[in-house]
Amino acid sequence: RPSCAARTVMEELLHEMVFQVVNELINSRADYRPAMQASFECVMGDNSSEVVAEIDTQLLKLQQKLLKLINAKQNYDGLADEIDELWEEKEELFLWEVSKEGIR
């Protein structure tokens with residue numbers, strides 16, 4: 001069997017070189033800085049404010065239904081569970097946005 005002729009690169013050396021290049025990019029004042037910033041923003045993803053606004057709209061509608069069910073003295077357990085799930089989803093989106101800001 002023929003042996004592989006590719007060079008082996010130590011992972012620690014690869015990490016060190018990547019950090020060195022990123023630090024040089026950050027500290028330089030070259031023209032590629034805006035392109036690098038745009039790439040980071042693209043990787044970080046869009047702002048989730050539209051999704052949060054949609055969740056808020058759904059929550060408002062569900063809460064209005066919940067009040068009607070409570071006033072009519074009907075079972076509202078399923079609706080309450082749905083509201084709880086939306087609140088959890090909204091909280092997860094908020095935490096994701098906070099963590100993205102910390103990374104930026």
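Only a predicted model underlies this, so the values are computations on that prediction, with no experimental measurement involved. Values below: all heavy atoms of this structure, side chains included; hydrogens, waters and symmetry mates excluded.
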Exercise. Please go through Leu13's hydrophobic cluster and name the other residues, only I, L, V, M, F, W, Y counting, with side-chain heavy atoms under 4.5 Å joining them.
Key: Met10, Met17

Exercise. Taking side chain to side chain contact (heavy atoms under 4.5 Å, CB included) as the test, write out the residues that go with Glu89, two or more places apart.
Key: Ile55, Leu86

Exercise. Drop me the distance from Leu62's CG to Leu67's CG, to the nearest 0.5 angstrom.
Key: 11.5 Å

Self-check item: Atom pair CD (Glu16) and CD (Glu12), whose distance is rounded to the nearest 0.5 Å
Solution: 9.5 Å

Exercise. Determine the minimum heavy-atom distance between Leu69 and Leu79, stating which atoms define it.
Key: CD1-CD2, 3.7 Å

Exercise. Can you measure from CG (Leu14) to CZ (Phe19) and round to the nearest 0.5 angstrom?
Key: 10.5 Å

Quiz item: How far does CD1 of Ile83 sit from CG of Leu59, to the nearest 0.5 angstrom?
Solution: 7.0 Å

Exercise. Report yes if the side chains of Phe94 and Val52 come closer than 4.5 Å at any heavy-atom pair, otherwise no.
Key: no

Practice problem: Could you note down all residue pairs passing salt bridge (charged side-chain N to carboxylate O under 4.0 Å, His left out) where residues 65-84 supplies at least one of them, sequence neighbours left out? | Solution: none

